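Comments concern the structure below.
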Amino acid sequence: MSTADLSKATRELFIRSLVNEVYMQTPIVEDIQARNQITIRGGTSIQRLTDTAEIDDLMQEYTANTALQDQKKTTLQKPSFTIKYAQLPLRYDVDEELQNVYAGSEEKLLDLADHLARKGQRATKLWLEKKLFNAGSFTAATDSGTTFQSLVSALKHDNTYGTLTRSLSGGTNDWWQAADPSGLVENINTTTQTTAANLTINNLRKWISETDVAQFMETTDDLYVAMCPTLFNKLRAEMEGKMQYKPTGDTAKQGFNKMNLDGHTIASVPYLQKTSTMRAWVFILNMRWLELRIHDERNFKMTDFEWQGKNSNGYDFNLARILVAGNFICFKPNSSMMLSNVS
């Protein structure tokens with residue numbers, strides 16, 4: 001039998017399973033959604049009363065002949081966040097519908113409609129992670145813009161956030177500033193979050209225990225330290241150097257994939273490896289105060305696929321949308337920290 005006959009009589013060996021070449025873990029998104037995804041049902045904006053200062057400085061010590069002072073102090077503020085909107089269109093056309101969607105198992109290798117829906121749900125998580133880290137930009141998303149706000153929006157010093165202006169040099173709303181690695185915000189007037197810093201166990205402890213981060217931490221489990229895999233590996237090597245391993249029989253097991261320092265979770269975030277800018281970022285996050293506020297009617301819900309040819313001048317394809325409305329919000333920026341120049 002000729003080679004030509006063989007090629008005509010034999011088809012390709014096609015393995016009926018899909019290899020996902022683009023999957024990337026999104027650890028911090030899952031953690032936020034598990035801890036603080038909060039449903040909202042209405043309202044023109046998201047607001048919350050915040051207590052901004054103590055009043056112990058109004059205490060007066062006096063004698064019998066001292067006039068008693070009469071003072072008061074404004075301590076309440078009301079940050080305000082707009083509700084942002086986003087949608088993901090999912091579409092398949094007439095060829096995909098007739099040749100795949102309604103085809104039998106012999107004809108189709110993959111149900112495109114089902115695959116598209118699954119890809120859409122996965123895409124929302126990737127999008128959330130991108131928004132959380134401000135798409136790798138140190139220029140913060142604004143209150144008035146269309147973009148979901150980010151950790152950079154909340155933690156970049158002197159950036160207007162929740163409609164409240166902030167200025168370290170002017171002492172404006174210092175209670176609303178993120179923690180600074182050099183010490184308590186009340187004692188500084190210039191940011192050091194962009195100053196070159198070396199990632200070590202000692203420095204990480206310093207950034208936590210000697211700053212506002214420790215002041216506003218209720219439990220050690222509150223903190224989540226996020227960094228790129230490169231920095232994670234550097235810190236892991238230092239931690240590993242301080243551990244002793246005991247071989248079992250003739251096998252010595254070494255290494256670990258998760259880190260916990262003084263009760264704080266340390267996470268490697270693959271997304272932060274994407275650019276040189278993000279590879280220098282370290283976030284010390286108080287997860288108690290980081291929220292994903294999502295409207296109940298736009299809670300990543302997917303509409304039905306609808307045929308668009310029914311509309312005047314429409315096209316012969318089916319369209320669905322995944323809808324989301326809400327915002328990322330941090331109601332206590334001084335409990336968390338961002339460093340943007342770490343190696």
Side-chain angles (χ1 to χ4, degrees), residues 28-29 31-40 45-56 73-83 131-134 140-143 148-168 171-188 191-193 204 207-226 262-265 267 281-294 326-340:
I28 191 169
V29 173
D31 206 302
I32 292 173
Q33 288 186 302
R35 294 194 191 207
N36 281 329
Q37 179 168 313
I38 300 173
T39 300
I40 56 177
S45 61
I46 303 168
Q47 301 182 357
R48 192 174 186 177
L49 274 177
T50 55
D51 191 356
T52 68
E54 302 290 359
I55 60 172
D56 56 292
K73 185 177 181 179
T74 301
T75 63
L76 295 179
Q77 286 279 9
K78 189 167 61 176
S80 178
F81 298 90
T82 56
I83 298 173
K131 295 294 101 179
L132 184 66
F133 292 112
N134 207 50
T142 63
D143 293 319
F148 268 57
Q149 288 170 281
S150 65
L151 293 174
V152 177
S153 303
L155 305 181
K156 182 179 180 180
H157 287 154
D158 292 354
N159 175 64
T160 298
Y161 185 60
T163 69
L164 297 177
T165 58
R166 301 183 286 191
S167 172
L168 285 172
T172 305
N173 292 326
D174 283 352
W175 60 273
W176 193 234
Q177 295 273 16
D180 189 89
S182 67
L184 298 179
V185 169
E186 65 186 59
N187 296 329
I188 66 173
T191 180
T192 64
Q193 71 178 174
L204 188 55
W207 298 333
I208 294 173
S209 64
E210 299 179 18
T211 69
D212 293 274
V213 172
Q215 296 277 342
F216 300 109
M217 178 178 61
E218 296 184 28
T219 69
T220 56
D221 187 53
D222 287 344
L223 293 192
Y224 188 103
V225 184
D262 301 333
H264 315 310
T265 298
W281 289 358
V282 170
F283 294 92
I284 302 174
L285 305 173
N286 189 319
M287 301 294 279
R288 186 182 295 270
W289 299 105
L290 187 63
E291 300 175 357
L292 175 59
R293 295 266 174 170
I294 297 295
N327 210 342
F328 274 121
I329 298 172
C330 179
F331 277 112
K332 204 175 181 66
N334 54 10
S335 68
S336 298
M337 181 188 300
M338 176 184 182
L339 297 94
S340 64

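This is a predicted model, so every value here is computed, not measured.
Expressed to the nearest 0.5 Å, how far OG of Ser335 lies from CD1 of Ile284 amounts to 11.5 Å. Separation of atoms CG (Asp180) and CE (Met337) is listed at 6.5 Å; rounding is to 0.5 Å. Rounded to the nearest 0.5 Å, atoms NE2 (His264) and OG1 (Thr219) are 9.5 Å apart. Atom OG1 of Thr211 sits about 9.0 Å away from atom CE of Met217, to the nearest 0.5 Å. Here the straight-line distance linking atom CG of Asn286 with atom SG of Cys330 works out to 8.0 Å at 0.5 Å rounding. Once rounded to the nearest 0.5 Å, the distance linking OG1 of Thr265 with OH of Tyr224 reads 7.5 Å.
Within the 3.5 Å criterion, the main-chain N or O of Ile83 finds no donor-acceptor partner in the side chain of Asn327. Judged by distance alone, with hydrogens and angles left aside, the side-chain atoms of Gln193 form a donor-acceptor pair with the main-chain N or O of Leu155 at under 3.5 Å.
Sorted by first and then second residue, the side-chain hydrogen bond (donor to acceptor under 3.5 Å, both in side chains) pairs with a member in residues 152-161 read Ser150-Ser153, His157-Thr191, Asp158-Gln177; sequence neighbours excluded.
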Under the side-chain contact (heavy atoms from CB on, under 4.5 Å) criterion, do Val152 and Trp281 qualify, and how do the steps go?
CA-CA 10 Å; Val152 177; Trp281 289 358; 4.1 Å; yes
As a quick check of understanding, evaluate side-chain contact (heavy atoms from CB on, under 4.5 Å) for Gln77 and Trp176, giving each step before the final call.
CA-CA 10 Å; Gln77 286 279 9; Trp176 193 234; over 6 Å; no
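For the side-chain hydrogen bond (donor to acceptor under 3.5 Å, both in side chains) test, no residue two or more places apart in sequence or in another chain qualifies with Arg166. Remark: Asp174 pairs with no residue by the salt bridge (charged side-chain N to carboxylate O under 4.0 Å, His left out) rule, at least two apart or across chains. For Asn334, there are no side-chain hydrogen bond (donor to acceptor under 3.5 Å, both in side chains) partners at least two apart in sequence or on another chain. Qualifying side-chain hydrogen bond (donor to acceptor under 3.5 Å, both in side chains) partners for Trp289, counting only residues two or more places apart in sequence or in other chains: none. Partners of Thr82 according to the side-chain hydrogen bond (donor to acceptor under 3.5 Å, both in side chains) rule, which considers only residues two or more places apart in sequence or in another chain, are Lys84.
Of all heavy-atom pairs spanning Thr165 and Asn173, the tightest one is O-ND2, 2.7 Å. Contact detail for Ala154 and Pro333: the closest heavy-atom pair is O-CB, 3.7 Å. Shortest non-hydrogen contact noted between Thr192 and Pro181 is OG1-CG, 3.4 Å. Residues Leu164 and Pro79 come closest through the heavy atom pair CD1-CG, 3.9 Å.
Side-chain contact check for Asn134 versus Phe328: every heavy-atom pair is 4.5 Å or farther apart.
Relative ring orientation between Phe331 and Phe81 is described as perpendicular, the plane-to-plane angle rising above 60° on a 0-90° scale split at 30° and 60°.
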